[in-house]
Each structure stands twice: as C-alpha cells, then as structure tokens.
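Both backbone and side-chain heavy atoms feed into the values below; hydrogens, waters and symmetry mates do not. A note on names: the letters A, B, ... follow the listed sequences, proteins ahead of strands, and every chain is numbered from 1.
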Protein chains: 2
Amino acid sequence: MAKIDAARRAEIGQEKRARTRAQILDAGTMLLAERPPEALTVDAVVEAAGVAKGTFYYHFQSIEELAAAVGAKLGESFDDLLTAARLELPDPIARLSFAFTQFLDKAISDPIWARLVVQSSQAPTEFARGIRAHLKADLTEANDQGRLSVHDVELAADIVIGIWLQVVRGSLERRAASDLASQALNAVLRALGASPPMQNLAVA
Amino acid sequence: MAKIDAARRAEIGQEKRARTRAQILDAGTMLLAERPPEALTVDAVVEAAGVAKGTFYYHFQSIEELAAAVGAKLGESFDDLLTAARLELPDPIARLSFAFTQFLDKAISDPIWARLVVQSSQAPTEFARGIRAHLKADLTEANDQGRLSVHDVELAADIVIGIWLQVVRGSLERRAASDLASQALNAVLRALGASPPMQNLAVA
DNA sequence: AGTCATTTCGACTATATAGTCAATACGAGA
DNA sequence: TCTCGTATTGACTATATAGTCGAAATGACT
C-alpha cells in the first residue's frame, strides 16, 4: 500500500480524458457549424461524439460551456492565422489586407470552419470581439495616417466584416471564383477609400 | 330553418379569425427577431400571443409554417419600400442606391424589423432570394452599361448585402451616426466601383 | 331566446431533452 | 494478478415541448 501518488494518477487519466474531450469538442464543432447553439441538444452531441450522456456532463456543465469551448478553439485558429502577419507587417493596411485574405482563403478551403464562423457571427462572442478589436486598431492607425476615406472606425470595421462574412456565405452556396479573394479585397479597399498597400507583399 | 348559407358563415368568422391570426403572427415576429426559428417553441408563441395552444394549431401547422408566414410578411414590407422607387427610377444605380437607403433608414427607425431581417439572413428564405434577385437585376443592368468595376454580379450582390447587413447589426449595437446611411451608401458605391447617381433622381 | 357554423380553449397524451448517479471499465504500478 | 484512482457508462427521474381533441364560447341570423 503506502504509496498513492495522486498527481501521478491524475496524469494517467489525462490522456484518455483529453481524447474524449476532443471527441466531444469535434462533434460540437461540426454540429455548431450547421445550427445555432440554442438548437443544439446534449443528446445530439453525445450521439455524434459516440459517448454516453454522462460523459458529456463529466467534461462540460452545459451546452453553453461546450459552445464557449468551441468558440475559444475558433479564436485560436484566428490567432494562428494572424501571428505571422502581425509581427512582420508594419503597414496597417497591408496587415488588414493580409488578414482579410488569410481568413478568406481559409474559409474557402475549410467549409466547416467557414460555416462555424458565419454561425458564430450571429451572437457576438468573445473571439469575435477580439477580431474586431484588432481590425479597429489597424483601421485607426491607417486613419491617423490620413489614408482612409471612411473616418468612422466602427463603420469601417462593419464594412470589412460585412463584406467578408457575405463573401464567405456566398462561397458556401456557390462555387468560389478563383480570384474571389483578391476581388473581394479590392472591393474592401475601395470601400474604405484606401489605396492598396504600396509594394506587393506576400499578398499575391 | 331552411337557409344555411355556408359562405356567409365562413365570412362571419373571418374577422375574428384574422385578428387572432395576426396576434400570433405578431408574437412570432417579435420572438423571431430575437432567436432563430429552431429555438422557437409553440408554448413561447402562444404565451406571447395570449392564446391557447390549440388556437395556434388551428391557424398554423407548425413553427415552420409560422416562420414562413412571418417571412412572407417581411417580404411584403420590403416590396412596400421598393414599389415607389422601382417605377420612377430608370437608372439602375440610382434604384439600387434608393433601395439601399430606404432599407437602411427603415432598419434604423425600426429595430425589431432590423433584428428580424438580420436573423432571417442566416437561412436564405424565399423573400431573401427575391431581394437578391432584384439587386442582381439592377447590378447586371449597371454592369451592362459598363458602370461597375466589379463584373462578377454575385460578388457585387454580396458586397451590397454584406455591408448593409453588418451596418444594420452595428446600428443595433451602437447608436447610429446621423449620416450613417449616406456614409454606408458611398462606401458601397466605391466598393462596386460605381460613380454615384447623377444629380437629380427623377431624371435618367 | 334559439340555432349553428366557426373559433377558441386547455387538459391530456406523446415524445424529447435535461440532468443525476450508482455501477462498471480502464490501466499503470505494486 | 490485484489495487485503486480516474474515466465512462446508461438507466433513471425531471421537466419541457409537441401535438390532439372534446367541450365551451362566440356571434350573426332567425
């Protein structure tokens, strides 16, 4: 007897636990891509994840908590797409353009991700506010440099986000044209009254 | 006895019936402005409408049918805002601009309507397709006149709709600036690469 | 006041979904 | 093989929602 290493025991379970949690999270991701959280049932999740009902409640307190976890994961995916750009591009419009294109390319190549983002855009979540905050920072900087026709930053953000979201919706319903991303980006820049970033960056 | 006029009887009930149906429709409109149809329950509707459950099923077969009726009513409200413009404005860009502004003004002055439209934009309904069809017709005509930079009509439609929807969302969360509508319209026209309509709208 | 087609009501049964918990399975180390 | 902390299971109770239906109310007309 004697030695009962609690920490070790917890460690042991961790892998199995993490795997099951990931299963549930993936199932939730898939389901939340096609319906709003209000219409998501625990039964549907456990069936899709292939686990028992009790297991769901062992990992999450409620559907809302699962939805929050999915939202957090989604937020990370956005950060992943951005980190490279944020450091290397000093020009705010170039940064904005790069991010816009990155996100759009991702949406076109990963429809489930795209559907999830579109669904999430309905009820402003934490990650959505983060994205908007970054965008507004870039827009403010560009505006301070006198490079925008739209001086209202909130409106400018709505223009960028609005076009992006609707173009993504369009790409989910119709086949996306090959030059859709650059076409959409140009439209955004024209809408903002911003000239395209000077030199060609890695945008092309 | 003798005379039992069935047609007359039906006519009698009509007024009461119409009133109750309108109550349910209004309640459904209010509730669908704040949640998606998948999350709407019959109990919630009948409570909001102040009628018994059986009454709901006497008028509608299901929540989906109610949602469709609300959608149809919404479609009519769009048509009402358009009919004046459609006949009097021969210029497609002027027409588009007028409609955009009309819809935006309506959204700003009627938040419930705005919320309902935003909610409805998630799952493309019949009326949404109608709006888009009209828009595409105007855009096609303008493009045929060589007045657009965006030649892809689907993309052009997504730009207009996307900006509109997101600006409406913004106006629901923040206070709308006084010149929001014209600012947004100018952004749309720039995005499309269309010069603003000539001076007076009454002339081509 | 009486008649009767129409409308409304709400109690009732079905079913679906939420949330709990005692029992079981798992698996690394003794 | 056995122990024991952790993870998983699924049957079970609660509650919520769907959908039905006989009874009651309504009101124009006689």
Rounded distance (Å) that lies between atom P of dA16(D) and atom CD of Glu38(B): 22 Å
side-chain contact (heavy atoms from CB on, under 4.5 Å) between Leu74(B) and Ser120(B), worked out: CA-CA 9 Å; Leu74(B) 194 55; Ser120(B) 304; 3.7 Å; yes
Nearest atoms (heavy-atom pairs only) where Pro36(A) meets Gln119(A): N-OE1, 3.7 Å
Test item: Leu139(A) and Leu192(A) side chains (from C-beta on) under 4.5 Å apart, heavy atoms: yes
Nucleotide dA18(C), atom C1' - distance to CG of Leu66(A) in whole Å: 15 Å
Between dA16(C) (C1') and Glu47(A) (CD): distance, integer Å: 13 Å
Spacing between Arg17(A) atom CZ and dG27(C) atom P, to the nearest angstrom: 16 Å
Options dA18(C), dT8(C), dA18(D), nucleotide nearest the side-chain atoms of Thr41(B): dA18(D)
Any donor-acceptor N/O pair, Asp152(B) side chain to Leu155(B) backbone, under 3.5 Å: yes
Which atom pairs link the protein and nucleotides 11-13 of chain D when you take only N or O atoms and keep those under 3.5 Å?
none

Atom-pair distance (CD on Gln61(A); C1' on dT20(C)), nearest Å: 13 Å
Ring geometry between Trp113(A) and Phe103(A) (parallel below 30°, tilted from 30 to 60°, perpendicular above 60°): tilted
Main-chain N/O of Ala94(A) paired to Asp91(A) side chain as donor or acceptor, under 3.5 Å: yes
Exam field: side chain Arg190(B) to backbone Ala191(A), donor-acceptor pair closer than 3.5 Å: yes
Rounded interatomic separation in angstrom, taking OH from Tyr58(A) and C1' from dC26(C): 12 Å
In dA14(D), glycosidic geometry as syn within 90° of 0 or anti otherwise: syn
Residue-phosphate contact under 4.0 Å: His59(A) side-chain N/O, dT8(D) OP1/OP2: yes
All stems with DNA chain D, defined as three or more consecutive Watson-Crick or G-U pairs under 3.5 Å: C:1-13 with D:18-30, C:18-30 with D:1-13
Side-chain ion pair, Asp110(A) and Arg115(A), N-O less than 4.0 Å: no
Length of the CZ-P vector between Arg19(A) and dA25(C), whole Å: 18 Å
Side chain Arg95(A), main chain Pro90(A), donor-acceptor under 3.5 Å: yes
Residue-phosphate contact under 4.0 Å: Thr55(A) side-chain N/O, dT9(D) OP1/OP2: yes
Nucleotide dC12(C), atom P - distance to OH of Tyr57(B) in whole Å: 18 Å
